[in-house]
> 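Before anything else, here's the structure in question.
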2 protein chains.
Amino acid sequence: MAKIRGKKNSTKKEVIIEKASKLFKEKGFGASSMRDLAVHVGVEAASLYNHIQSKSEILQAICFKVANEFISHLDAVEASKEPVLKKIEMIIRFHIRMMMEQYEYVYISDHEWRHLPEPYLSNFLNQRRSYRKSLADLIEDGISKGEIKKIEPYVAVLIILSAISGIESWQRSRKQISAEVLEENMVKYLVEGLK
Amino acid sequence: MAKIRGKKNSTKKEVIIEKASKLFKEKGFGASSMRDLAVHVGVEAASLYNHIQSKSEILQAICFKVANEFISHLDAVEASKEPVLKKIEMIIRFHIRMMMEQYEYVYISDHEWRHLPEPYLSNFLNQRRSYRKSLADLIEDGISKGEIKKIEPYVAVLIILSAISGIESWQRSRKQISAEVLEENMVKYLVEGLK
DNA sequence: AATATAAACTAACGGGTGTTAGCATTGATT
DNA sequence: AATCAATGCTAACACCCGTTAGTTTATATT
């Protein structure tokens, strides 16, 4: 009889979610079946339901975990006393780090949110909208202080967040440039594009 | 008895693909069924097969149509005698225009390519890789001519293409800024970020 | 050792999927 | 009007899906 095993101090649910994140990233949420996931976890599909409520709950866990980390970091940055451009850089670096360290989770949260059921979907989209609004306000602030050139804050936010999302392409590649080089070049382009 | 009707001079297959592009953009390829598509087209699901080979063929048609348009435009730009930075700007504007004018097709091609079956998948990814390589070469050329600052060409390409892909967010929004304002601000940020 | 709890298993449910085969209807051609 | 071609329909195929119910096995507790 099989048994769910994972990293030290992980609950069985956490193991399932971790395995699911890899599968969903690779095949997409819809194309990944619970039977597929069960194979990766090492039990029968029906056994998963001893630890999770539903397939949907896995997606919720992944999306909201990522959202919460971004929001917490933004709150910390907003509370800091740095100049606006420095704050923007801190945020950019954090996003890049998340794409490096929690790539599967961030990828799924970016690409599969539309499979979230209501009211989670509305909640999630509202959080994202609010996050982008805060970033736009920060850029507005930077413009008014003369630290940032005149640009539509909305467009700047769209460019920054989308560009970082593109790290997925690097993740799927043979990584002929290092994570450090990627980060420094992205920060250079995105921050200097604002001056 | 129902009948497939579309724009003047469209074949039935083209109508089906057009309707499919909207459905796939809205719900995703996997979550869109042929029965769903049939409802949008106005016939029974089985009738679609009088005009198309398979669901997969629709995705192929969409992805390769988009790829061919990008490649054709790039070829034309490369053949032109403009300075490198001007060429980059022309390419950026073309991508933005495609996101405006053929949004559904471009969106699907960006997000659903992983559902392409072999050998179409490999072919498609090779074309995208080759396209990015050409862009990176262009940027390398601009750097060596002193038109573009020292930056990893690979990273610059990743940023540019990903940022433009983010127009999907604008497309899903209430569009409180116009397409023109979006385009000008994106060009400003992305081109000046290279100087 | 006996009992209780946790967790894995089997079997099945109710529903959906892409697609094919054969028939019926509509429209075009002679 | 008769015939042919195009195209829509019904019915069904073989399979897959997420999930539940009840049983069995493993582990923990007394």
Side-chain angles (χ1 to χ4, degrees), chain A residues 1-21 23-24 26-63 108 112 114-118 120-121, chain B residues 1-21 23-24 26-63 108 112 114-118 120-121:
Chain A
M1 178 167 284
K3 185 180 163 104
I4 295 174
R5 289 203 191 84
K7 290 170 183 166
K8 200 168 188 175
N9 296 333
S10 289
T11 66
K12 292 175 168 54
K13 183 172 183 176
E14 285 163 348
V15 173
I16 290 169
I17 293 175
E18 189 64 33
K19 299 283 194 184
S21 74
L23 182 66
F24 292 174
E26 182 193 323
K27 297 179 66 176
F29 179 79
S32 305
S33 67
M34 296 301 274
R35 287 165 178 77
D36 286 339
L37 176 55
V39 167
H40 283 76
V41 171
V43 294
E44 294 294 331
S47 305
L48 299 172
Y49 294 89
N50 291 323
H51 309 283
I52 62 166
Q53 300 303 117
S54 63
K55 186 184 186 188
S56 181
E57 191 202 24
I58 300 174
L59 183 60
Q60 287 160 37
I62 292 171
C63 291
I108 291 160
E112 307 287 0
R114 76 177 62 246
H115 290 104
L116 286 167
E118 293 292 352
Y120 300 98
L121 178 57
Chain B
M1 179 166 283
K3 184 180 164 106
I4 296 174
R5 287 203 192 85
K7 290 171 183 164
K8 199 167 189 179
N9 295 331
S10 289
T11 65
K12 291 176 170 55
K13 183 172 182 175
E14 285 163 351
V15 173
I16 291 170
I17 293 175
E18 188 66 30
K19 298 284 193 183
S21 74
L23 181 66
F24 292 174
E26 182 193 324
K27 298 180 63 175
F29 180 78
S32 306
S33 68
M34 295 303 273
R35 286 164 179 78
D36 287 338
L37 177 56
V39 166
H40 282 77
V41 170
V43 295
E44 294 294 331
S47 303
L48 298 172
Y49 293 91
N50 290 323
H51 309 282
I52 62 165
Q53 300 301 118
S54 63
K55 186 184 187 188
S56 178
E57 190 202 23
I58 300 175
L59 184 60
Q60 286 161 36
I62 291 171
C63 290
I108 291 159
E112 307 288 1
R114 74 177 64 247
H115 290 105
L116 286 168
E118 292 294 352
Y120 300 98
L121 177 58

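Every chain is numbered from 1, with letters handed out A, B, ... down the list of sequences.
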> When rounded to the nearest 0.5 angstrom, what is the spacing between CG in A/Leu59 and CD1 in A/Ile108?
7.5 Å

> With sequence neighbours left out, write down each residue that passes side chain to side chain donor-acceptor pair (under 3.5 Å) with A/Ser10, or none if nothing qualifies.
none

> For chain A and DNA chain C, what are the first and last nucleotides along the strand, 5' to 3', with at least one atom under 4.0 angstrom from a heavy atom of the protein chain?
C/dA7 to C/dA12

> Using whole Å, what does the distance between atom P of nucleotide D/dT19 and atom CD of A/Glu57 come to?
10 Å

> So, using side chain to side chain donor-acceptor pair (under 3.5 Å) as the criterion, who are the partners of B/Ser56 when residues are at least two apart?
B/Gln60

> Of the candidate nucleotides D/dT7, D/dG18, D/dC9, which contains the atom at the shortest distance from the side chain of B/Ala2?
D/dC9

> Say you draw a straight line from CG of B/Asn50 to CD1 of B/Ile4; how long is it, rounded to the nearest 0.5 Å?
8.0 Å

> Which pairs with one or both residues in residues 49-59 of chain A pass salt bridge (charged side-chain N to carboxylate O under 4.0 Å, His left out), sequence neighbours excluded?
A/Lys13-A/Glu57

> Shortest non-hydrogen contact from A/Leu23 to A/Ser32?
O-OG, 3.5 Å

> Counting only non-hydrogen atoms, which of residues 12-21 of chain B are less than 4.0 Å from DNA chain C?
none

> By the ring pair (Phe, Tyr, Trp, His ring centres under 6.0 Å) test, which pairs, at least two apart or in different chains, include something from residues 26-54 of chain B?
B/Phe24-B/Phe29, B/Phe29-B/His115

> Please tell me if the side chains of B/Leu121 and B/Glu118 come closer than 4.5 Å, counting only heavy atoms from C-beta onward.
yes

> Rounded to the Å, how far apart are A/Tyr49 OH and D/dA21 P?
13 Å

> Quick one: A/His115 NE2 to D/dC17 P, roughly how many Å, whole number?
14 Å

> Go through the structure and list residues passing side chain to side chain contact (heavy atoms under 4.5 Å, CB included) with B/Ala38, not counting sequence neighbours.
B/Ala45, B/Leu48

> In Å and rounded to the nearest 0.5 Å, what is the CD1 to OG distance from B/Ile52 to B/Ser47?
11.0 Å

> Under 4.0 Å between any heavy atoms, over every strand shown, what does B/Ser56 touch: base, sugar-phosphate, or nothing? Just pick one.
nothing

> Keeping to residues at least two apart or across chains, list the salt bridge (charged side-chain N to carboxylate O under 4.0 Å, His left out) pairs with something in residues 30-50 of chain B.
B/Lys27-B/Asp36

> My understanding is that only residues two or more places apart in sequence, or in another chain, count here; which of them pass side chain to side chain contact (heavy atoms under 4.5 Å, CB included) with A/Glu26?
none

> Could you give the CZ-to-C1' distance, from B/Arg35 to D/dC9, as a whole number of Å?
14 Å

> May I have the distance from B/Met34 (atom CE) to D/dC9 (atom P), rounded to whole angstrom?
14 Å

> Quick one: list whatever passes side chain to side chain donor-acceptor pair (under 3.5 Å) with B/Gln53, sequence neighbours left out.
none

> Using a 4.0 Å cut-off on protein heavy atoms (strictly under), produce a 5'-to-3' string for nucleotides 23-28 of chain D with B for base contact, S for backbone-only sugar-phosphate contact, and - for none.
--S---

> What residues in residues 36-48 of chain B put a non-hydrogen atom under 4.0 Å from any atom of DNA chain C?
B/Ala46

